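Notes to accompany the following structure.
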Amino acid sequence: MRGEVLLTIRDLRIEGRSGDTWSEIVKGVDLTLHKGEVLGLIGESGAGKSTLGLAAMGFARDGCRISGGTIDFDGIDLRKASEGERRALRGKRIAYVAQSAAASFNPAHKLIDQYCEGPVVHGVMARDKAAADAVELYRRMRLPNPDEIGFRYPHQVSGGQLQRAMTAMAMACRPDLIIFDEPTTALDVTTQIEVLAAIRDIVRQFGTAAIYITHDLAVVAQMADRIKVLLRGVEVEEADTRSMLAAPREDYTRSLWAVRSFARPEQSQATGTPVVSVRNITAGYGTVDVLKNVSFDIHARRTVAVVGESGSGKSTTARVITGLLPPREGEVLFENKPLPPSFKARSREQLRQCQMIYQMADTALNPKLRLRELIGRPAQMYLGLKGRALEERVRELLAMIELEPDRFIDRLPGELSGGQKQRIGIARALAAEPKLIICDEVTSALDQIVQEGILKLLDRLQSELDLAYMFITHDLATVKAIADEVVVMQSGLVVEKGPKSEMFRPPNEPYTDLLLSSVPEMDPDWLTRLLASRSGQA
Amino acid sequence: MKVLLVVIAAVAFALALGWVFRAAAWRLAPKRHTLVFRDMPLTAAFGMAVILIYVVVALFAPVLAPFAEREVVGGQYLPWAAPYLLGTDNLGRDMLTRLIYGARNTVGIAFATTALAFVVGSILGIWAAVLGGWADQALSRFVDALMAIPALIFSLLLLTIFGTSITTLILVIAAVDATRVYRLARSVAQGIVVMDYIEAARLRGEGMWRLIRREILPNAMAPLVAEFGLRFCFVFLAISALSFLGLGIKPPTADWGSMVRENATLITFGDVTPLLPAGAIALLTVAVNFVVDWQLHRASGLKE
Amino acid sequence: MNGGLKTVGNGGQMSDVWRMIGRRLLFGCLTLFVISVVIFGATELLPGDLARQLLGQSATPETLAALREQLGLNAPAPLRYWNWLTAALHGDFGVSMANKRPIADLVSARLGNTLFLALYAAALAVPLALILGVLAALWRNSWFDRAANSLALTSISFPEFFVAYILVLWLAQSGLFPSMVRITPGTTFGARLYMSFLPALTLTLVVTAHMMRMTRAAIINLLASPYIEMARLKGMSPLRVILRHAVPNALAPIINVVALNLAYLITGVVVVEVVFVYPGLGQLMVDAVTNRDIAVVQAVALIFASAYVLLNLIADVLSTVTNPRLMHQR
Amino acid sequence: MTKLILPHAVTRRGLLKGAAAVGAAGLLLPGSMGSARAEPKKGGVFRVGIGHGSTTDGYDPAVWDNLYAQTFAAARHNQLIEVGADGNLVPEIAESWESSDAKTWVFKIRQGVSFHSGKTVTIDDVIASINHHLGEKSTSAAKPYLEPIADMKADGQNLVVTLKAPNADFPYIMSDYHLPIMPATDGKIDPTSSDGCGPYIVESYEPGVQATLNRNANYWKTDRAHFDQVVVLVILDSAARLNALMTGEVDAIDQVEPSTIPMLESRGVANIVSVSGNAHYCFPMDARAAPFSDNNVRLALKYAFDRQELVDKILNGHGSVSNDNPIGPASRYFFKDMEPKGYDPDKAKSFLKKAGMDNLEVTLVAADAAFAGAVDAAVLISEKAAAAGITITVDRAPNDAYWDNVWLKKPFCASYWGGRAVEDQMFSVAYTKGAAWNESYWDNARFEELLVAARSELDEAKRREMYYEMQKIVSFEGSTIIPMYNNYVMGLSKKLATPEKVASDWNLDGFRCVERWWFT
């Protein structure tokens with residue numbers, strides 16, 4: 001089934017600038033892609049997947065440069081070609097679909113105008129023809145209201161729809177090759193399925209070759225004919241999708257599998273007074289109620305996972321507990337005593353007991369403070385530590401989160417990796433010696449291997465320090481791994497709650513089942529089967 | 001044609017100065033800064049060289065100047081010849097000496113004023129952004145109102161009311177300038193207060209002062225520093241303008257702004273004398289902004 | 001500098017824009033009120049008063065008292081302010097206390113002149129600044145960028161009067177342009193443009209740098225956005241990337257800085273008026289301050305403040321209507 | 001950004017800060033102008049740029065206070081008496097005047113003169129014009145000046161004025177610029193009207209900007225008012241004035257900045273006219289306050305002034321050294337041979353010693369509002385005085401409100417006088433005890449005695465003797481340092497011609513350039 005060769009990359013080397021020096025981020029990678037073939041590129045962040053994908057367009061991001069090797073696209077040497085020649089290829093014969101469609105659509109223009117820009121500028125179609133074509137492709141991408149949706153601005157369209165519109169846009173000039181750069185990573189699981197299906201269909205319909213970049217093996221398994229695994233700019237292995245899934249050759253590849261297998265045993269049953277009780281909370285912004293009559297308890301040494309898709313009210317619940325958003329009705333009890341609704345009215349001791357870890361470690365750590373102060377500050381504030389004692393405590397905390405105190409204590413957050421930053425977030429929470437830690441999507445921005453490390457660390461700390469966790473996530477794999485109890489939320493309502501063991505055993509509420517069934521599985525036929533079964537039900 | 005040649009010569013000289021400075025800084029700087037200096041653009045190197053020269057001149061003015069600051073050494077408007085290398089001014093004082101002392105006085109006062117404006121403006125601006133609500137609205141509307149009064153006329157009113165000592169001069173210009181800084185600082189801080197680490201600090205129960213000083217200010221520095229470069233230059237201009245009104249720095253203190261004013265009429269006749277102090281101001285402005293641009297570029301994570 | 005931009009409630013349609021305009025106008029009136037109090041207070045604090053200024057030192061205590069009585073200066077300050085305010089609210093700004101001419105007459109011709117010069121300078125400066133800013137962003141860190149930047153910085157580091165004198169030296173003494181402006185009722189529009197060229201050019205040099213730097217910065221600020229990368233990956237030329245993809249999103253800060261500079265062109269040009277003998281509002285205000293002619297000071301200050309408030313409002317409205325996220329609800 | 005208030009734009013309001021000079025007016029004329037002076041020619045538009053004028057100016061003579069108002073007034077009005085270029089009184093609306101006892105004065109009003117409106121000038125108009133400045137309600141700057149009038153009445157077409165005390169110089173008062181003859185209705189003039197009987201008729205006027213006037217075809221003086229049209233422009237900035245002259249946008253300017261004179265001359269595009277009169281720059285000391293209460297200290301300071309350097313550097317030579325004498329070389333009774341005071345630090349020291357001091361520290365307050373270059377002058381003075389052991393700290397005050405806050409309030413400051421028509425005026429206004437403008441608060445019994453006696457002394461020789469003695473007292477015992485007389489310096493286009501003699505009482509040919517000058 002392989003056609004002729006479309007893209008050949010040999011010994012590609014790409015350098016990136018960090019500070020004032022250049023270092024290699026892609027270190028001699030080879031790649032061959034045939035017409036109509038889909039190649040999956042998989043690896044953790046920093047593996048050089050995106051950089052390699054862009055290099056296939058002859059493009060290097062600002063601060064990067066292609067320093068060696070050849071890129072041959074259908075007989076054109078992209079490294080030797082002039083910028084004008086490369087520009088003529090981009091968008092016309094090689095197209096790109098970015099990770100975040102919301103950020104990659106220009107907020108100032110309507111979708112259809114952005115669609116038409118490529119064909120018109122590249123001289124492929126006249127504007128009116130392109131517009132008609134856009135409606136056709138929107139229809140094929142199964143977008144609702146294909147006739148009308150193009151006349152909306154990006155912010156008026158949901159994330160999953162935008163991602164499909166972007167794929168349609170990439171198809172506008174009927175390119176030979178499309179680079180998909182993590183197109184579904186930012187989407188909720190239920191949405192992800194629709195997008196994956198739409199992408200797969202359209203690529204097959206047009207026989208377009210594609211490079212599909214992702215960190216999620218289960219996703220790539222549905223999409224790719226072949227898979228190439230990258231690690232720190234070097235190829236680990238490459239094989240047919242089925243053979244790779246069946247028998248990975250390298251340890252590293254196997255370790256990618258292993259992540260999914262982490263699960264801790266469920267803790268003993270909840271006993272005693274809960275650390276925090278949420279009682280009939282109704283809350284919202286302006287006149288809109290985001291939470292409606294939400295109640296649940298969190299006990300010491302137990303992890304309550306709050307699950308739901310974006311907009312379900314998970315994070316708002318956390319804001320009510322921390323006092324950032326005083327509820328309209330209901331109350332929050334701490335060890336059976338009501339907490340003042342606003343954090344401003346809470347005592348320092350009450351503030352100390354409940355700490356928070358944020359999803360984006362980048363924005364949660366003040367980039368201008370050194371770890372010494374970042375971690376030390378809560379200890380200094382709440383526990384009155386000073387001088388040597390404080391320094392000792394910071395070192396102890398760093399050791400607790402498995403970072404060498406001597407090497408890290410004087411670093412700035414910018415000098416850390418994503419996983420390390422998240423660990424600092426944990427250490428900062430621990431420094432207050434709280435009873436409850438709210439973890440708001442703490443692992444969703446991280447690579448799977450790193451995620452596992454963080455989850456294990458949280459697990460260990462819980463048993464050592466008798467902590468209660470409230471774990472907000474949309475990722476059911478994480479829930480499976482760490483939760484004792486699960487609270488499923490949808491549109492501000494608690495749909496279902498109960499121990500994990502019950503939750504993962506269908507049948508449940510329909511919504512819970514929908515969520516559960518949407519989690520991709522490591523089986524190349526999973527998507528096909530799922531779609532078939534759903535259409536069968538329908 | 002002559003003008004073009006002069007411009008080319010000046011640019012060549014500036015590049016050479018920048019190059020020499022960079023080469024020297026790169027070799028003399030402590031190890032961990034070596035790279036910073038080696039990769040600095042020539043414009044920034046030139047800027048730093050100029051600033052360094054100004055600082056040295058300002059510090060060692062009495063040593064460098066051939067005559068005393070206010071000494072009348074001869075006739076008026078003597079030509080450029082030894083011992084008066086740049087001639088004499090309208091009262092027969094040595095121009096070079098006046099320029100050298102002017103560096104000390106003008107730069108010192110301009111720096112103090114700008115710094116004060118920034119301290120007051122940015123603290124209030126950040127404070128308002130953190131506080132939000134009606135306090136922010138009230139303060140911001142008031143500052144808006146002050147900004148709607150033309151700066152020069154407002155300064156004139158204030159200085160006439162409060163007198164014209166150097167201290168009042170600094171306070172008044174700083175007050176007028178602080179409104180502009182306030183506006184910038186507030187808008188920058190509004191972008192920062194929505195960050196999770198600010199939320200974290202608030203939830204921790206941090207006080208206002210620490211929020212401003214440790215959490216927000218360090219992160220708002222880049223745009224503030226950029227603004228500092230321009231504001232610094234506007235302060236020179238404000239002092240120069242006030243010298244017109246007889247409200248600037250008092251004679252016989254040498255000050256570039258006043259010197260420009262004193263000799264301004266001569267430019268009508270194509271005389272270069274008034275260009276000297278004006279040039280000194282312009283050179284410093286350009287130099288400061290070159291360095292600021294470079295620092296911004298570095299701070300922006302070398303995205304370009 | 002884009003702090004003025006307010007997100008429009010949760011609606012975001014045209015009606016919200018009107019609501020915003022209404023609210024801002026209300027705030028504007030409040031601002032004007034505060035300014036009138038500040039100006040009145042400051043003028044009160046100034047040493048000497050109108051009577052003294054008019055009479056000079058020959059004033060005997062009797063004549064001084066007589067004149068103060070005539071001028072109504074004997075009433076307590078708050079009462080005088082109140083009288084002024086009530087009259088002003090009825091649209092009567094009174095007469096100049098110094099020469100008894102109605103303030104409306106005094107101001108109207110000069111307001112026209114000031115606006116003409118401001119618009120003239122803006123017509124030169126805004127396109128120039130935008131083009132230079134866009135080109136500097138396009139060829140960032142090139143020699144063009146640096147040269148444009150250095151020139152702009154140099155032009156703003158010279159005092160205005162100095163720039164004006166140099167332009168006179170180069171362009172007026174050779175007879176190309178007149179060195180002063182003499183507008184008479186019979187002056188044609190063309191002649192007016194020609195006569196006012198040098199002041200307009202001076203102002204252009206003064207305000208271009210700021211707008212150019214902001215335009216450049218606003219555009220460069222966006223160049224790291226994913227949608228800019230997307231545009232490049234769609235094979236768009238650098239110029240098209242900037243003009244079609246960056247500029248529309250950089251409009252808010254650009255509009256704001258243009259508004260700020262327009263406000264400056266209206267309110268801050270006393271110097272240029274003096275050097276080119278241009279009969280504008282600035283000189284009127286300074287004369288009035290010198291003479292402690294409070295009615296005129298107030299009237300001009302309020303015109304200046306209104307210009308400032310209105311321009312800021314227009315900037316905010318434009319920022320809103322050019323931003324689809326604020327204009328088109330989800 | 002610029003000076004909002006330019007030096008000279010702020011003048012002291014009110015009463016006659018300068019007035020007609022009597023006697024020989026000095027005139028320095030560039031050689032090139034000699035030949036052009038044969039016969040005045042008619043025609044042309046005369047544009048004059050003046051460094052004064054404000055938007056608050058108006059038509060009311062009671063508040064005129066600057067050169068712009070004066071020149072504009074001279075272009076449309078006549079007065080009873082004109083001061084001629086040589087300083088002598090010339091009949092204008094008053095055809096002649098006489099008095100037998102210097103107490104009752106009779107002015108004969110000229111017949112057949114009409115206002116621009118066509119109305120004939122009558123004695124009623126004259127009386128109303130003077131009465132405008134008198135009376136309880138008047139706030140006119142001329143009011144104190146007319147105070148000596150006991151009674152004023154019409155006698156046919158004659159005006160009869162009776163004074164409270166004899167004054168030989170009374171006609172000079174009637175030449176004052178505040179006293180134009182304006183048409184009266186019901187015994188009152190309309191102070192908002194531009195109507196007058198002068199050489200030009202107002203076409204348009206915008207205060208603080210410009211005035212355009214056309215020649216009055218019915219003007220009674222047939223040998224005057226040569227231009228078809230006159231444009232009087234306000235150009236406050238001295239560089240702008242220079243530029244306007246050099247680019248030919250105006251034909252004449254006043255107040256050429258001394259430092260630019262040599263360059264303007266070398267350009268050869270304009271003529272410089274420099275007229276020496278009685279105007280002088282001075283530094284009053286508060287005679288009541290220590291240390292100035294001691295005449296030795298005052299003398300020490302007087303000898304510590306390098307007068308010649310001030311003339312050279314502040315006036316660029318366009319002026320002359322004054323021996324602390326408010327009576328200028330253009331005056332009838334100028335004491336030319338008074339013992340001069342050169343720059344003499346040793347003598348200054350010896351006077352200090354007499355006062356029981358080794359050194360002296362004083363503060364001198366100055367602003368360019370006092371006179372152009374006042375601050376520079378103070379700095380120069382301070383530098384030179386150091387050699388005599390006198391430390392003068394220069395304190396620059398704001399131009400705005402200088403005359404309110406500094407003058408008459410600070411013990412040592414800068415000031416100026418436009419000179420006075422007659423010696424008696426100069427002395428009465430600024431050197432007698434209790435006078436409102438006695439800026440030094442000086443008080444000398446012998447001086448007062450001489451002043452009163454001289455006023456009614458009709459013997460010329462005796463009078464001269466008395467004035468000489470008064471000048472000597474002021475110079476050596478007075479409390480005002482007067483280092484220099486400043487010239488009036490004007491810039492004229494090469495096309496412009498002036499009479500042989502240019503008046504020295506005021507700038508711009510006694511501000512009558514509009515009717516005295518012509519185009520060649």
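Chain letters run A, B, ... following the sequence lines, proteins first and then strands; every chain starts at 1. From a predicted model like this one, the values you see are computed outputs, not experimental measurements.
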* **More than 12 heavy atoms from other groups under 6.0 Å of CZ on C:Phe144** => yes

* For chain C, which residues from residues 124-135 of chain B have at least one heavy atom closer than 4.5 Å to it? -> none

* **Partners meeting ring pair (Phe, Tyr, Trp, His ring centres under 6.0 Å) with C:Trp170 (sequence neighbours left out)** => none

* Asked: Does the side chain of B:Pro150 reach to within under 4.5 Å of the side chain of C:Tyr264, using non-hydrogen atoms?
  -> no

* Given a strict heavy-atom distance threshold of 4.5 Å, which part of C:Ile39 is in contact with chain B: side chain, backbone, both, or neither? -> side chain

* Asked: According to the salt bridge (charged side-chain N to carboxylate O under 4.0 Å, His left out) rule, which pairs have a member within residues 122-137 of chain B, sequence neighbours left out?
  -> B:Asp136-B:Arg186

* Value rounded to 0.5 Å, distance of CG in B:Asp144 from CZ in C:Phe27 -> 9.5 Å

* How long is the gap from CD1 on B:Ile149 to CD1 on C:Ile35, to the nearest 0.5 Å? -> 5.0 Å

* Check B:Ala145 against C:Thr31 and note the closest heavy-atom contact, atom names and distance. => CA-CG2, 3.4 Å

* Part of B:Phe162 lying under 4.5 Å from any heavy atom of chain C -> neither

* Answer with side chain, backbone, both or neither: which region of C:Phe304 has an atom nearer than 4.5 Å to a non-hydrogen atom of chain B? => both

* Who among B:Gly191, B:Ala151, B:Ala282 has the most heavy-atom pairs with chain C under 4.5 Å? -> B:Ala282

* So do B:Phe142 and C:Val34 actually touch side chain to side chain, heavy atoms under 4.5 Å? -> yes

* What distance separates B:Thr43 OG1 from C:Trp143 CH2, expressed to the nearest 0.5 Å? -> 7.0 Å

* To do: Could I get the full list of ring pair (Phe, Tyr, Trp, His ring centres under 6.0 Å) partners for B:Phe232, not counting sequence neighbours?
  => B:Phe236

* In Å and rounded to the nearest 0.5 Å, what is the CZ to CZ distance from B:Phe46 to C:Arg146? -> 13.0 Å

* **Nearest heavy-atom neighbours spanning B:Leu157 and C:Ala42** => CD1-CB, 4.0 Å

* Heavy-atom side-chain contact between C:Val38 and B:Phe154 under 4.5 Å -> yes

